[in-house]
Structure formats: C-alpha cells, structure tokens
Amino acid sequence: MSRVVFFIALRQLWDRKLLNGIAVCGVALGVLTLIGINGIMQGFQQKFLSNILRISPHVTLFDRQLRPQAPILARASEGFVVTDVHHESPADRILRISRPAEIVEALEAMDEVVAASKLLVGSAVISRGSQQYPVEVRGIEPARQDRVTPIASYLLQGNYRTLEASPDAIVLGSGVASRLGAKVGDVIVCGSSLGQRLNLKIVGIFEAAIPPVDNTRVYVTLRNAQALLGRPDTVGRIELKLREPDAAQVVTARLEEMFGYDGESWQETNANFLALFKQQNSIIDFVVGAILAVGGFGVLAIQIMIVLQKTRDIAILRSVGFHRRDILSCFLLQGAVISLLGAFVGDVSGHYLIQALGKLKTKQEGLVKSETFLVFDDPRFYWYGFGFALVVGLLASLIPAVRGSRVEPVDVLRGQLG
Amino acid sequence: MSDESSFAPATEGARTPWPEPGKVVLETRGLVRDLGSEAVKTRILHGIDLTIREGEFLSLTGFSGSGKSTLLYLLGALDRPTSGEVSIDGVEIGALDDDDRATLRGEKLGFVFQFHFLLPEFTVLENVMLPMKRRGARAQTAIESRAREVVESLGLGELAGRRPNQLSGGQQQRVSIARAVANDPRIVLADEPTGNLDSRNGLIVMDVFERLAREQRITIVMVTHERSFASRTSRQLVMKDGRIVEDLDQR
Ligand SMILES: Nc1ncnc2c1ncn2[C@@H]1O[C@H](COP(=O)(O)OP(=O)(O)O)[C@@H](O)[C@H]1O
Ligand SMILES: [Mg+2]
C-alpha cells in the first residue's frame, strides 16, 4: 500500500473528528464492557474458586462402595452362580471405609498425591445455654487434615494445635460462633441422636470466607466425632490434596478403579457452581459480543455514510490514477485506525475501571465473603478486547470499503454533469 | 481578487500562429457508445474517427446532449466504448484492465471538469501533489517543488496552504488545472472548464490553457460553449447528435 493512501486515509479521518470519534467511542465502549464485565465476573469466580480450593479437598473418597461385595455363594463357586441383587436396605451395609490406614498409606505413596487424611462427617446439634444450633461435624486428624485443607491458615482466633493436644477441643466456623455468641475459651455441648453428648471447649474460630461453610461447619478430632456420632472406629471418607488440582477428575477415576470406593473430585463437589459459572460466562460472552457488534454497526453506519458522501472524491482519485485497491485500503485503513483507537481507549479506560472497582469498599456476603469489590485484572482480556475490536472494525469497514472501491468515476461524472 | 488581476492575460496569443503539431497522441476509430438500460438503449456516439496530435489545442462545441462529455470520458479512459477503439500514445486502451487504465490516467492524462473537483480535506498544494504522489515518478521533495512551481505559475502561490473552500470558483478551477498539469500529462481533457465561471475568470482559465499548449506542447481537448474561446484554439470540432459535423483547423 502506497504511503499516499495512508496520508489520505488519516487526513480524512481527522477531518471528520466528530463522526469518527463517535465510532471510536462505540468500539471503546464494547472493549470497556468486555474488560469490565469479565473483570468483575472473573474476580468473583476466581476468588470463589480459590476459596473453594483452600477449603475443599481436591479429591474425596467416600464410604460408598462402587462394587457390592459378592455374596458368599458366588465367591465359593466362582462364576457359576448368577446372583440377582435386589435393592439392599440401608441397614444391610455398614457405611465405612475398611482398612483406612492402609489406603491412606497407599495414597500418600502415589506421585500425584500430596497428602491424605481420614475423616468422619455427620450432623450434630450444638447447645450453649438455652441456644441450639445444628452443625456439620467434621472429625479430623488435625495435623494431617491441615496438609489437605489448610485450616490453620484461615483460623481467625485461637490455636489450631490445641485441637490435637486437648482431648475435648472444638473449632467453630465464624458464622457458627457468631450465631451462638460464643468465643474462644467457651465450653459448649455437642450431641447427635445416635451418640454421646460431649462438653467441648472452643479452641479456635475459622473463617473460610465462604458463608455456607463458615455458618455450618465445626471441627473436632476424629475420635471425638466417632463418639459424638455413635460410630466407633469408623472412617467415613478420605480427603486428598493433589499436586495438580486440575487433574482431579482423572485421578479420581483412577482411585475409584484402584480402591473400589466412590470418589469425588472438587469439580464434581462444586459442579453446580462450576456449571453456574459456565452459564454466567456464556451469558457474558453473549452480552459482550452483542455490545462489540453494536460498536461494529456504529463503524459500519458511519463508514457507509462517509463513503456515500465521498463518491465525488473517490471519482477524483480514481480519475487521477488511483486504483480500486487504493480506495479499498484507504477505507479499510480508516476502519483499522478507528478500531485500534477504540481498542486502545477501551483498554485504558477498562484498566482504570478495574482499578477503581477494586478499590470500591462493598461488603459482600453470599457465596464469597469480601470487604472490597472483587475484580480480576487479567491481561488476556486486554488482548481479547484488542483483537475483537480489530476484527469487528475491519469487518464493519469491509462493506463500505468495497462499496467505495466499486465507484466508477464516469457514473459520478455523468450524474453530476448530465 | 488581487491575485487574479496580477495574472497577466496573454491577449496577443490569439494572433500568434500555432506551431506545427507533433506525432499522434490520441486516436479513435469507429467509436460507438450506447447508453441507457438494456430495454431502452440510446446510441449516443455514432462512430467517431478522430486523430489528435501533440501540441494541438482542440475545442469541442455543440448543443447540449450532443455527446461531447461522453466522447471526452472515452478519450480519457474513464469509460469503455460499446464498439470501436481509442488509443493513447499508441496504446489501445480497450485491451487494458481497470488498474492499467487507472495507471494510464495517472501517467498520461489530466482532467479538468466544470465543477472544480478538489478534495476538501487537503490544501491547494496537497491537492496538486496527490496524483504525483500516487504515481511516484518523482522523489518527495521534487514533488513538492514541482507542485509549488505549477501553483505559482498559475498565480496561486499565496494560496498554496489554503483549503479549497477558502478559494473563489476561479481560483479553485486554476487549482484543478494545476493538479491536471503537475503530473506532466500528455493530454489534458477539460469539460466546460469555464462553464461555471464569470467571464473574467473564464478568460484567465482560457489563457492558462493556451499557454500550456503553446509553451509546454501539452495536447488539450476542451469542451466549451463559448464561441470566443473556441475561436482561440488551434482546431475546432463541432458535434451534433453524436457525430463530428465540423473539424476546422485554425492554424
Ligand atoms: N446514463 C445515461 N443513460 C442514458 N442516456 C444518457 C446517460 N447519460 C447521458 N445520456 C444521454 O447522452 C446524451 C449525451 O450526453 P453528454 O455526452 O453528456 O452530452 P453533452 O456533454 O454534449 O451535453 C444526452 O442526450 C444524455 O441525455
Ligand atoms: Mg456535457
């Protein structure tokens, strides 16, 4: 492309500052929206996921057996007897993981696994004075569990080690504590329908910043949980931390195969949230795409108008030696400059928007607890904005440019002069 | 306008005999042009045979609608004939594609129209430089000095930095002549260049053309309605109903 085409394109753009400025604003608005909405959405999602990944194990093995134990008869006369297992009543099977210590040992020997721990989880009621509050009791091996889900790191008050050291200790979620009006050092009574009532001393209060967890969960030692829930010597699940959280689904499938227990990856555990995020993201993609398209239509409308106004000038240029291609590239260039400027303005203002939003103080308490507006400043969005703006701008100016390049000078001259 | 009065009209030009024309630069054979829709086709040109030589200053007169503009567009490689052939400097333009014809227009032809077609976003000097820049035959600095030279020779020196909308009609028409001439064309085609000007500005434009033809031996074909201007050219063509009915050599 010859330099003079560049010169003409830029001069014509500059001479219609208002119109082209509007086109630039349209594109910029699309890019700004892309960065803004994605920043907010990703801010929330990333925060939620990182909180979830802190509090929830990468993989959980449950006490649900995938393969029912073959009846005695079948075991004795291998392969010959067809057994037809009718539905078992819940009492028929004792829900527990058998030989959990061996399984944990085997798991920790695996390369993919960082740590594993045994748990027993059940429902109980905590009473303090006249108040009662239902909770989810998690019986854990405190030191091991901390390596799987770092509870100590989100302890607000108290001392996590005491949970292991003291025989009657309990750690409460912050929501549980505030509902009971309890603080570290208080003694509460904890009991369930099947087990013993225990007097436990609060040694710590944690906050995972996920209200549904903070409002319901309490930690006790595995032994206390077994007594509390009336299931002595039972391990209900094994939780794992993996080297690669993203590989959780693959690893889970392998563990199910190896041990015969039902496994669940963190993605499965949080499948409803992940599905929600996915849906949110596609809605956002749609909205952002629509806004970018509207920006593109702005460019299209303005460029078509300019090309129509410029037929006389196109005729002059063509008659003094400019080729069709020169006219085409002149208008495409204008579209490219508009979209580049739009992308730049959008990126810069998007950056400031994200920064300003990130400083905004808003208390949120829903799925994620936060003091500030959650935003995620991902450089990728700036590139996306840039790329989409360029594509949209070029596509939008393609029609006017082709139209302009098809102008026949003689048609214009005849129209003008008769 | 002061700058227009400073431009001395070459009144004695009409009396000076025209020099002998050079070799053939423009030739048409059996040029036919039909216009209109498929259903209603009208024959505008009925087989024009014309030979134009270097340094000739032709005037083309005739009633409105006689086909003068149509012929001029064909001579200028802006339009394609229904049949017949146009050759410019020995090149048959029927054989050229769109790009080649555009290049040929840039290199060999200059156009001046009744409505001075200038690009409004560019200054006088820039308007004159654009075709030269596209052609790229001269270096950037040479383009600018050439444009200045031509603009000054047409008495527009002080207006070089102005935009077209700050100029009078006569000044604008001289700028479009400057643009047509600056790129060293072999032929300048002008369609009623004085049609939109008052008589004084018309005279100035006429003087410019005459000087170009005499001094630089640029071939000029000028459509005009003014008898007095036509009589000042070296050769008069008269058209009627798509035919050349008179061809008068005035040397
Ligand atoms: N697009 C067109 N379709 C049909 N007829 C046309 C068209 N353009 C011009 N004409 C006719 O062609 C004839 C010659 O036009 P033109 O060459 O402009 O004449 P002139 O320049 O001598 O006034 C006129 O009768 C005009 O009506
Ligand atoms: Mg005409």
Side-chain angles (χ1 to χ4, degrees), chain A residues 1-21 302-303 305-331 333-334 337 402-418, chain B residues 33 35 44 64-65 68-70 72-74 76-80 97-123 126-137 140 143 163 176 179-180 182-183 185 189 191-192 195-196 223:
Chain A
M1 185 167 44
S2 109
R3 262 172 51 199
V4 63
V5 173
F6 223 85
F7 173 63
I8 294 171
L10 294 185
R11 175 67 65 85
Q12 287 186 341
L13 265 182
W14 184 243
D15 229 62
R16 282 173 156 69
K17 286 186 275 292
L18 182 66
L19 270 188
N20 291 313
I302 287 172
Q303 288 267 90
M305 206 172 94
I306 291 177
V307 167
L308 288 180
Q309 288 176 356
K310 287 253 159 245
T311 47
R312 208 194 60 161
D313 299 29
I314 295 169
I316 303 172
L317 289 171
R318 296 276 287 121
S319 69
V320 301
F322 285 78
H323 292 190
R324 283 182 195 282
R325 229 175 312 113
D326 296 325
I327 307 299
L328 185 78
S329 26
C330 183
F331 286 108
L333 201 66
Q334 294 186 7
V337 170
V402 167
R403 214 190 149 123
S405 75
R406 295 232 172 105
V407 167
E408 278 293 342
V410 71
D411 294 337
V412 178
L413 292 170
R414 279 206 188 99
Q416 201 103 24
L417 305 170
Chain B
R33 184 68 173 111
L35 282 177
I44 309 298
S64 182
K68 306 182 293 292
S69 297
T70 306
L72 208 70
Y73 302 150
L74 287 171
L78 287 166
D79 192 14
R80 286 177 182 278
D97 67 12
D98 196 77
D99 283 353
D100 288 339
R101 286 192 297 147
T103 304
L104 179 115
R105 289 195 293 268
E107 290 177 356
K108 308 233 159 156
L109 302 168
F111 296 93
V112 179
F113 300 106
Q114 178 175 3
F115 299 95
H116 20 77
F117 278 179
L118 299 172
L119 298 187
E121 299 91 351
F122 298 88
T123 64
E126 285 164 347
N127 263 285
V128 174
M129 291 191 321
L130 283 179
M132 287 193 276
K133 284 185 171 175
R134 176 60 185 86
R135 186 174 171 184
Q140 183 63 33
I143 286 175
R163 295 261 181 122
S176 57
R179 183 183 62 201
N183 214 2
L189 302 168
D191 197 351
E192 301 186 34
N196 210 29
V223 174

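Numbered from 1 within each chain, the chains take letters A, B, ... in sequence-line order. Keep in mind that this is a model prediction, so the values were computed, not measured.
- If you take CD1 on A:I8 and CZ on B:R134, they are separated by 9.5 Å, rounding to the nearest 0.5 Å.
- A salt bridge links A:R318 to B:D98: at least one charged side-chain nitrogen sits closer than 4.0 Å to a carboxylate oxygen.
- When the shell of 6.0 Å around CZ of A:R325 is examined, it contains 12 or fewer heavy atoms from other residues, nucleotides or ligands.
- For the atom pair A:R414 CZ and B:D79 CG, the distance stands at 4.5 Å (nearest 0.5 Å).
- Residue A:H323 comes nearest to B:T103 through the heavy atom pair NE2-OG1, 2.6 Å, listed as atom of the first residue, atom of the second, then distance.
- Rounding to the nearest 0.5 Å places CD of B:E121 at 8.5 Å from CZ of A:R11.
- Between B:L78 and A:L413, the closest side-chain pair of non-hydrogen atoms falls below 4.5 Å.
- For the residue pair A:S319 and B:F111, the shortest heavy atom distance occurs at O-CE1, 3.4 Å.
- In this structure, no portion of B:E192 lies under 4.5 Å from any heavy atom of chain A.
- Of the charged side-chain nitrogens involved, none lies within less than 4.0 Å of a carboxylate oxygen, so that A:E408 and B:R80 do not count as a salt-bridged pair.
- Chosen from B:M129, B:R101, B:E126, the residue pairing most often with chain A at heavy-atom distances under 4.5 Å is B:E126.
- There is no contact between B:L104 and chain A, counting heavy-atom distances below 4.5 Å.
- Proximity to chain A involves both the backbone and the side chain of B:P120, based on heavy atoms less than 4.5 angstrom apart.
- B:F113 is not listed as a side-chain neighbour of A:I316, based on a closest heavy-atom distance of 4.5 Å or more.
- Rounding to the nearest 0.5 Å gives a distance of 7.0 Å between CG of B:L119 and CD of A:Q12.
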